[in-house]
Amino acid sequence: MSLYNKFQIWLSIIFLILTTSVFGLLLHSSHTYLKIQQKVEMTNMISALNIALTPFIHQKDKVGLESVINASFDSGFYGSITLKINNSNPQIQRKALNQKSDSPEWFQKIASFEKLTESRVLMDGWMQAATLTVTNNTATSYDQLWALTLRLLTAFIINSLLAAISMNIILRVMFKPLKNIQKHANEISLNKFGDPIPQVNTRELSDVIQAINYMSKHIESHYLQSADEVKRLRMRAYQDPVSELSNREYFITQLEPWLTSNTHEHCGLWLMKVDIIEDAYENKEFDKADSIVKELAQKLSSLVDGRNTFSRFSRSEFILLAPHCHYEYLDQLSETALNLVNEWQSHELIEDSSTYIGMMILHNQTDMRTVFTQLDSALTQARQQSGLKTFLFNENAILPEFTKGKIEWQNFVKQSIENKQVKIRLQPAINKEQQILHYEAFAYIEVDNIIYTANHFITTLEDTDVAYQFDNHVLTLVNNQLASNPNKSPIAVNISKDSLHNSQFVIFLTQMLKANPQLIEVLIFELHEVCFTKHLEETKVITQLLLQHSFKFGIDNFGHSFSSIDYLHQVQPTYVKLDFAYTNQLDDPAKYDVLASMTRIASNLGIGMIATHVENLKQIEQLVELDIQCFQGFITDKLELNGS
């Protein structure tokens, strides 16, 4: 129970006790007063009648006696008046016909009035002439007391309502600073740092507010310092200082998994050579060369999204790795990059300088040296041929699925959705004890016994409605999977960045979350890091929608971009999945320090961390030392898992 409610209840109880006490005292006083008043009135009445009746008794005037008695009875509230004359059988009596009160019977039992009777002997000279008897009418007293009770009760209810309203308003005003403290404390616990709490003129609360504001500022400063430390360590280990792109070593860590993968996935590579940069370095114009590198790097990096890896390969070469891309995309990107460099050279009035790009589709190659040799060969061919300044290595050996156009793939995916040829497979994520924590759903299309993984076509769906249609269909398949086999849960589903920015998908997702509260504990959403680094505000709309309906979400490919990770405290994901560049070569002290710093921030924020592309138990042992407790990759497919 909140402190506000406790205050309200106890103040209400005290007010009720005080008011009830006053109410009871007033009723008791009124009851006592009416009892005394009845006795006084009867005494006065019988004395007055004694005086008034004495002359008529002496004269034995019966008519006069009746007149006096009737007049007295009609002017008062009496039960009966009886006059018995000695030596005379008949008596004079007036009696109230209705002595029943309008008040409830239970009230009469609680506040009872006794029946009063008083008699007086009337004298005629020295002789007893008659006996006068008067009784009271309790109905009148009950009615008076009941009417007073109703008035007091009405006043009590009105005052109670006014007091409750006033107390509510006063308590809200008084507790507003405390509410602000509570809200700010909750935000601090969630690592959300807003504006300081305004100061108040209450001494005790002022001290608390000052302490919380200081603590909030200190924690925020510590968090930002940690985020800056991660950024500095990543820059030192993986970033080229001149171009501010990733360096050659980072590129190699991104390329290695494609060479060792057993899933036969593919990626596109291109290598760009800019002669003007090479000439400047040859002429020892280092400042000029560095300036050109930095300017071209900024322009070229705007062409690729967060999933691609764009690096400075040598002093005059830039290299790109585009996961799961097709020749059409690679060719268009190369042409756009060449046009951008040529426009820049024209603007800078630079002549007699050329730029060339060598391309290749990486598929089934397993040797790093062979890949770079083939890429250099493609770059040489681009330089030697006339006209075109790009060259695709071994174009005739490229498999047909890599040369399909975007429209072909989009139509293929649409037809597969309609024909119910889209399926999912589940890959478990495990802890160090090899227990399954959750599964990740991977979609694929199976046509004529040929399997097409999502990586074959997912990039061709970008910036189209087919992307959200595919995500909608996958979510439906996962929902059906959870309904048919609840033992395999929770399940994580990756949502494409294009779907997140599609209004139709947002409507679909909202309806799904509302209609399926039973999925809260068994369905997890994964969003790509690029959604947070480049489209944070739009993505926060989705994350807030998920949190509003109590669904969990994680961040995929965490750490792939070199952007700051200070967005973490704003969105508070359940977990982050490390980019595979950080989960290998942990024997390198620089890389180890980068990962240690990243895990420390996630741990301080209460965010879980999943290591991806984990291949063997040695990797798990190294990662456990860094307090990483969840793993996913080839090892989860080949180990005999508990409960699988």
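As a basis for the values below, the full set of heavy atoms in this structure was taken, side chains included, without hydrogen atoms, waters or symmetry mates. Quick caveat: nothing in here was measured; it's all calculated off a predicted structure. Starting from 1, each residue takes its place in the sequence as its number.
Centroid-to-centroid, the aromatic rings of Phe508 and Tyr468 stay 6.0 Å apart or farther. Side-chain rings of Phe558 and Phe532 stay apart, their centers remaining 6.0 Å or farther from each other.
Both tests do not hold together for Arg312 against Phe318: distance to the six-membered ring centre under 6.0 Å, angle to the ring axis within 45°.
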Test log, rule side-chain contact (heavy atoms from CB on, under 4.5 Å), inputs Leu595 and Ile628: CA-CA 10 Å; Leu595 184 55; Ile628 297 176; 4.2 Å; yes
Derivation of the side-chain contact (heavy atoms from CB on, under 4.5 Å) call for Leu500 and Glu538: CA-CA 8 Å; Leu500 297 181; Glu538 296 90 334; over 6 Å; no
Going through the checks in order, is the side-chain contact (heavy atoms from CB on, under 4.5 Å) test met by Val493 and Val474? CA-CA 8 Å; Val493 182; Val474 171; 4.0 Å; yes
side-chain contact (heavy atoms from CB on, under 4.5 Å) between Lys423 and Leu477, worked out: CA-CA 7 Å; Lys423 300 178 182 180; Leu477 292 176; 5.7 Å; no
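Under the 4.5 Å side-chain criterion, counting only non-hydrogen atoms from C-beta, Thr253 is not in contact with Tyr582. Between Phe251 and Leu321 there is a side-chain heavy-atom pair separated by less than 4.5 Å. Leu303 is not listed as a side-chain neighbour of Phe310, based on a closest heavy-atom distance of 4.5 Å or more. Contact check for Met272 versus Leu300: side-chain heavy atoms found under the 4.5 Å cut-off. Put simply, the side chain of Asn479 does not reach to within 4.5 Å of the side chain of Leu475, judged on heavy atoms. The side-chain heavy atoms of Ile524 and Thr574, taken from C-beta on, include no pair separated by under 4.5 Å. Annotation: side chain of Val447 is not in contact with side chain of Asn419 (no heavy-atom distance under 4.5 Å). Using a 4.5 Å cut-off on side-chain heavy atoms (C-beta onward), Asp593 and Arg236 make no contact.
For Leu259 against Asp367, the heavy-atom pair with the smallest separation is CD1-C, 4.1 Å. Closest approach of Tyr592 to Glu625, counting heavy atoms only: OH-OE1, 4.0 Å. Shortest non-hydrogen contact noted between Tyr567 and Glu529 is OH-CG, 3.5 Å. Shown here for Gln254 and Asp579, the closest heavy-atom pair between the two residues is NE2-OD2, 2.6 Å. Among all heavy-atom pairs drawn from Val304 and Asn308, the shortest one is CB-ND2, 3.7 Å. Between Ala467 and Ser496 the shortest heavy-atom distance is CB-OG, 4.1 Å.
Side-chain atoms of Thr599 and Asp627 include no donor-acceptor pair closer than 3.5 Å.
Rounded to the nearest 0.5 angstrom, Leu379 CG and Ile357 CD1 are separated by 9.0 Å. Between atom NZ of residue Lys534 and atom NZ of residue Lys497 there is a gap of 8.5 Å, rounded to the nearest 0.5 Å. His438 NE2 to Lys552 NZ: the interatomic distance, rounded to the nearest 0.5 Å, is 10.5 Å. To the nearest 0.5 Å, atoms CD (Glu446) and OH (Tyr452) are separated by 10.5 Å. In this structure, the separation between SG on Cys531 and NE2 on His501 is 5.5 Å, given to the nearest 0.5 Å. Going from atom NZ of Lys432 over to atom CZ of Phe631 covers 8.0 Å, rounded to the nearest 0.5 Å.
Within 6.0 Å of CD in Gln504 there are more than 12 heavy atoms belonging to other residues, nucleotides or ligands. Enclosure of atom NZ in Lys540 by more than 12 non-hydrogen atoms of other residues, nucleotides or ligands within 6.0 angstrom is indicated.
The main-chain N or O of Lys294 is never found under 3.5 Å from a side-chain atom of Glu244 such that the two would form a donor-acceptor pair. Without hydrogens or angle criteria, Ser311 side chain to Leu245 main chain gives no donor-acceptor distance under 3.5 Å. Put simply, the side chain of Ser597 never gets that close to the backbone of Val594: no donor and acceptor are under 3.5 Å apart. With hydrogens and angles ignored, the 3.5 Å screen pairs a side-chain donor or acceptor of His528 with a backbone N or O of Val530. With hydrogens and angles ignored, the 3.5 Å screen pairs a side-chain donor or acceptor of Asn431 with a backbone N or O of Glu433. Using modelled atom types, no side-chain atom of Asn485 and backbone atom of Gln481 make a donor-acceptor pair closer than 3.5 Å. Ser377 contributes no side-chain N or O that, together with a main-chain N or O of Thr373, makes up a donor-acceptor pair within less than 3.5 Å. Side chain of Gln632 to main chain of Thr612: no donor-acceptor pair is present (N/O by atom type, distance under 3.5 Å, no hydrogens or angles). At distances below 3.5 Å, at least one donor-acceptor pair connects side-chain atoms of Asn502 with backbone N or O atoms of Phe505. Side chain of Ser416 to main chain of Phe412: a donor-acceptor pair is present (N/O by atom type, distance under 3.5 Å, no hydrogens or angles).
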